[in-house]
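I have placed the structure first, in the form of structure tokens, so that the comments after it can refer back to it.
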Amino acid sequence: MTDTPATTVIARDGVHEIEIQRSRFRCSLARVATEEAAAEFVAGVRKQHWDASHNCSAFRLGSGAQRSSDDGEPAGTAGVPMLEVLARRELTDVVAVVTRYFGGTKLGAGGLVRAYGRAVSEAVDAVGTLRRGRFRTLEISAAHAEAGRLEHTLRAAGHRIAEVGYDSSVRLTVHVPEAGVEAFRQWLAEQTAGTVTATTGGTVELDLPPAR
């Protein structure tokens, strides 16, 4: 199976909390695909924790867009270190909100930078990360008599079969790495002596198995 360029994303949405000098730092992480989705998530956390001292945030998208907010903390002590953690981990399509409940002890600028960065870093460790790649959807139509062998051959070669549908013929929906579409067509022609072709559909992003 052809390799596909991959990005890194969080494995799941999640929340992780740490305590430093009696202040609680609660980091909420979520996958997002757009700036609007990131803003909506931040607004939701702020609404949920309206009584917190601060709800600082940062997000990075696969489009290259990124943004951070100190939400009242001294400039550069919260949102920036949060964003730096996301960048250092090479994470995309992710938003982080760190909710702080002040515990009565001031941490100073350096202490705040370390605290907000640590809150995000530990939250990422807690939820885990995955590689994610872009695939093209291809539709293959085969006669019933040939479909079983073809499905087995596809799976044995490591290709991703998303769906199998049955009507007058058998329809196999396959996800192929974007860079490998032409190679897949050639492989399919060789496997079926040119009797089966694939129709190219849209693009999807899918989680990849861990690297071996």
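With Asp167 contributing its side chain and Ser169 its backbone, the two residues share a donor-acceptor pair below 3.5 Å. Checking side-chain atoms of Arg22 against main-chain N and O of Gly104 turns up no donor-acceptor pair under 3.5 Å. Between the side chain of Thr153 and the backbone N or O of Arg149 there is at least one donor-acceptor pair closer than 3.5 Å. Side-chain atoms of Asp93 come within 3.5 Å of backbone N or O of Gly62 as a donor-acceptor pair.
Within a 6.0 Å sphere centred on CD of Glu19, other residues, nucleotides and ligands contribute more than 12 heavy atoms.
The hydrophobic cluster containing Leu29 does not contain Val97, counting ILVMFWY residues as joined when their side-chain heavy atoms lie under 4.5 angstrom apart, directly or transitively. If you chain together hydrophobic residues whose side chains sit under 4.5 Å apart, Val196 and Val176 fall into the same group.
Pairs passing the salt bridge (Lys or Arg N to Asp or Glu O under 4.0 Å) check and including a residue from residues 36-54, sequence neighbours excluded, read Arg46-Asp71. Under the side chain to side chain donor-acceptor pair (under 3.5 Å) criterion, the residue pairs touching residues 180-197 are Arg185-Thr200, with sequence neighbours excluded.
Arg171 forms no cation-pi arrangement with Tyr166, by the criterion of a distance under 6.0 Å to the ring centre and an angle within 45° of the ring axis.
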Steps toward side-chain hydrogen bond (donor to acceptor under 3.5 Å, both in side chains) verdict (Ser28, Arg26): CA-CA 7 Å; Ser28 303; Arg26 183 183 189 273; 3.3 Å; yes
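Side-chain N/O atoms of His49 and Tyr101 include a donor and acceptor closer than 3.5 Å.
Applying the ring pair (Phe, Tyr, Trp, His ring centres under 6.0 Å) criterion to Tyr116, with sequence neighbours excluded, gives Phe25.
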